[in-house]
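Comments concern the structure below.
Heavy-atom basis, side chains included; hydrogens, waters and symmetry copies ignored.
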Amino acid sequence: MMVSHELIAHYGVLVVFLNVLGASLGLPLPVMPTLITIGASSAIATPSASAVLPQLAIILAAAVAGGVLGDLIWFQGGKRYGERTLYTVCSLSLSRETCIARTENFFSRWGVRLLIVARFVPGLSLVSVPLCGAMAVGFRAFLWHDCAGVALWASAGLIIGGIFASQIEQIFAMLSDLGWHALLIAGSALALYILYRYCRRAMMARTLRKAQIGVESLQEFLEH
């Protein structure tokens with residue numbers, strides 16, 4: 001495990017930056033597990049709290065930089081192209097039928113403050129950012145709330161990793177003993193989840209098509 005801790009110490013900041021940036025752009029990356037793992041590894045490699053806090057602060061800054069940089073692209077896209085950007089973002093979601101409606105409902109209640117908690121709700125952050133642009137939210141207000149949201153979310157992952165460092169190390173030791181079987185189980189679980197969501201979306205679309213009524217049928221229904 002020492003080798004992995006050394007690698008994380010050298011490349012952890014870059015890994016966090018690229019993971020958070022990619023996830024902010026819409027890539028399906030395991031960002032929270034990465035933050036938890038790096039937080040745990042930092043706590044294990046540096047037992048002294050006074051020494052680990054500056055390292056975690058640098059990792060947190062990298063997460064905020066990557067998150068805000070990716071969000072700025074979607075924010076400008078929403079500001080310039082409006083609903084077209086929202087539909088593009090929702091096309092990345094497995095539940096795109098309710099994607100925009102749900103986010104607009106959240107935004108009507110919370111406004112730009114939605115960005116502070118958006119990353120804790122799967123799929124909400126990616127849509128709420130361009131929605132802020134489409135709703136003409138001011139740049140300073142967006143930047144402030146987005147930075148606060150990314151920092152709060154990333155801090156949660158790093159803190160969880162630091163608190164449960166010993167337990168996480170035991171889990172990874174067990175996975176290391178399983179070898180490629182662990183990757184096979186994780187890949188199978190992910191594939192089944194995606195298949196489940198796809199089948200569910202297809203069934204919903206089929207139900208909606210069956211529920212549609214033609215003009216003549218509607219006229220007959222109203223007459224009777």
Side-chain angles (χ1 to χ4, degrees), residues 12-36 38-39 56-161 194 197 200-201 204-205 208:
V13 174
L14 179 61
V15 169
V16 167
F17 174 80
L18 293 178
N19 263 256
V20 179
L21 174 62
S24 297
L25 293 175
L27 299 179
L29 299 175
V31 185
M32 184 54 70
T34 300
L35 290 170
I36 293 174
I38 291 179
L56 291 178
I58 296 174
I59 296 173
L60 178 61
V64 173
V68 173
L69 181 60
D71 287 348
L72 281 174
I73 296 176
W74 285 117
F75 175 75
Q76 293 297 333
K79 192 173 183 179
R80 184 170 183 178
Y81 299 107
E83 290 188 357
R84 283 186 293 174
T85 304
L86 294 179
Y87 282 110
T88 300
V89 172
C90 283
S91 67
L92 301 174
S93 172
L94 292 176
S95 302
R96 54 178 176 262
E97 282 81 7
T98 59
C99 176
I100 294 180
R102 184 181 65 170
T103 308
E104 288 180 342
N105 183 37
F106 277 112
F107 190 85
S108 64
R109 295 182 179 181
W110 295 85
V112 70
R113 293 174 298 172
L114 174 65
L115 295 175
I116 298 178
V117 297
R119 287 184 179 266
F120 291 95
V121 182
L124 181 60
S125 174
L126 191 61
V127 186
S128 60
V129 170
L131 181 60
C132 286
M135 298 299 291
V137 172
F139 179 77
R140 289 185 179 181
F142 167 79
L143 191 61
W144 165 251
H145 287 86
D146 195 46
C147 285
V150 177
L152 182 63
W153 168 76
S155 297
L158 294 174
I159 292 173
I160 291 173
I194 294 175
R197 294 298 300 270
R200 183 182 176 185
R201 191 176 73 83
M204 290 178 61
L208 290 175

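Looking at every heavy atom in both residues, V16 comes nearest to A63 through CG1-CB, 3.6 Å. Considering every non-hydrogen atom in both R109 and R113, the closest pair reads O-NH2, 4.0 Å. Across all non-hydrogen atoms, the minimal contact from G70 to S24 is CA-CB, 3.9 Å. When all heavy atoms of A141 and V112 are compared, the pair lying nearest together is O-CG2, 4.1 Å.
Here T34 contributes atom OG1 and I59 contributes atom CD1; the two are 11.5 Å apart, rounded to the nearest 0.5 Å. Interatomic distance, L131 CG to K79 NZ, rounded to the nearest 0.5 Å: 14.0 Å. A distance of 5.0 Å separates CG of N19 from CG of L29, quoted to the nearest 0.5 Å. The line from CG of L21 to CG of L25 is 5.0 Å long, rounded to the nearest 0.5 Å.
When side chains are defined from C-beta on, L35 counts as touching W153, because their heavy atoms get closer than 4.5 Å.
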- Task: Decide side chain to side chain contact (heavy atoms under 4.5 Å, CB included) for L115 and W144; before the verdict, give the C-alpha distance in whole Å, the side-chain angles of both, and the deciding distance to 0.1 Å.
- Result: CA-CA 9 Å; L115 295 175; W144 165 251; over 6 Å; no

- When you look at V68 and L72, which way does the side chain to side chain contact (heavy atoms under 4.5 Å, CB included) test go after all the steps? CA-CA 6 Å; V68 173; L72 281 174; 4.2 Å; yes

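Atom CE of M135 sits in a sparse spot, with 12 or fewer heavy atoms from other residues, nucleotides or ligands closer than 6.0 Å.
Sequence neighbours left out, the pairs with a member in residues 56-78 that pass salt bridge (Lys or Arg N to Asp or Glu O under 4.0 Å) are D71-R119.
Among residues two or more places apart in sequence or in another chain, the side-chain contact (heavy atoms from CB on, under 4.5 Å) test is passed with L152 by I116, F120. A23 is linked by a side-chain contact (heavy atoms from CB on, under 4.5 Å) to V31, counting only residues two or more places apart in sequence or in another chain.
Partner V64 forms a side-chain contact (heavy atoms from CB on, under 4.5 Å) with one of V20, L69, V150 and no other, that one being V150.
Without hydrogens or angle criteria, D146 side chain to F142 main chain gives no donor-acceptor distance under 3.5 Å.
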